[in-house]
Amino acid sequence: MKHSNKTKATRRTTAMAVVVLAALTVLIVLTFSRLLVVRSVIVVGNRNLSREEIITQSGVKPGDHLFGPEVSGLKKALEANRYIEYLGYEFDYKGTLTIRISERLGMATVYVLGIYYVTDENGVVLECAGSQYPTGVAGPKVTGIGLDDNSWITVGEKLPVRDETRLEKMCVVLRALEETNMLAMTSQLDVEQDDNLYVMTSEGTKIELGDVTRLETKLLIAREVLSVREADKEMRGAKIDVSNGRNAHFIPASLPTPTPVPTATPIMTPSATPS
């Protein structure tokens, strides 16, 4: 009898412990779940697109759960806009969801069979602009890149090229132009020859870069030359050779014609008259 009572007491104690544990588990889950609710959304990394545009594109709104489909599907939702590169998110104890992105900017154009294509700094095609030169592109028209004749140019994918080295060099030069604030000054970038890269300014000056070594230094030297000579009217057709990476060799569009030095006209003396 005593053994039976003891067994019943043990069962009651165990059952009560299970109930208490279950209640605590539910309470913890509910509390934790409330802590993981999005209360506000901020965006980091946008430049041209507004915060509201990006949040709308993301599909996330206050009240969504951190482990819900909206947050877990952020990358797919945001990168449906090809100008957005999703980098990740952060979430703090206040319920603030920070979405980190990078905007793909139109930094160059490629002209193929009468059509202009806009690319970012990585050679990803952002749009097909048609036969009219696109507005809003920050950088140059790229020549000499060597597109693959048997491939289609597809928006959202990298340019199909025969030689990846040329594409890489294009990307390196574009980044260097942006870093030195010269991207908007350039109208053409030629990458056909590995050791004879050059850019043309919008004023028609050719900047000879040589290879990709010390690119930022070369461009800063060239920018200084342009600044010093900005008052010159005849910069179209001029050349700035910075290929050695140490100094610049400026070659004007036309060399001045030397003015001949006048020579004295000899004075003729009358010949003696014979007597």
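- Put simply, NZ on Lys218 and CD1 on Ile240 are 14.5 Å apart, with the number rounded to the nearest 0.5 Å.
- Scanning all heavy atoms of the two residues, the minimum distance from Gln188 to Thr143 falls at NE2-OG1, 3.0 Å.
- Ile145 and Val191 make their closest contact through CA-CG2, 3.9 Å (heavy atoms, listed as atom of the first residue, atom of the second, distance).
- Between the Glu103 side chain and the Arg47 main chain, a donor and an acceptor come within less than 3.5 Å of each other.
- Closest of all the heavy-atom pairs between Pro134 and Ala129 is CB-CB, 3.7 Å.
- Distance alone, capped at 3.5 Å, places no donor-acceptor pair between the Asn122 side chain and the Val124 backbone.
- The line from CD1 of Ile99 to CD1 of Ile42 is 9.5 Å long, rounded to the nearest 0.5 Å.
- Between the side chains of Ser202 and Ser187, no donor-acceptor pair is found at a separation under 3.5 Å.
- With a 6.0 Å cutoff to the six-membered ring centre and a 45° limit on the axis angle, Lys75 does not count as a cation-pi contact of Tyr86.
- Considering Thr154, Asp148, Ile153 as possible partners of Ser151, the one that fulfils the side-chain contact (heavy atoms from CB on, under 4.5 Å) test is Asp148.
- Closest non-hydrogen pair, Pro140 versus Leu174, comes out as CD-CD2, 3.8 Å.
- Once rounded to the nearest 0.5 Å, the distance linking OG1 of Thr213 with CG of Leu215 reads 7.0 Å.
- Looking at every heavy atom in both residues, Ser131 comes nearest to Tyr116 through O-CE1, 3.5 Å.
- Applying the salt bridge (charged side-chain N to carboxylate O under 4.0 Å, His left out) criterion to Glu121, with sequence neighbours excluded, gives Arg175.
- Residues Gln57 and Leu49 fail the side-chain proximity criterion, which asks for heavy atoms closer than 4.5 Å.
- Shown here for Val41 and Arg51, the closest heavy-atom pair between the two residues is O-NH2, 2.8 Å.
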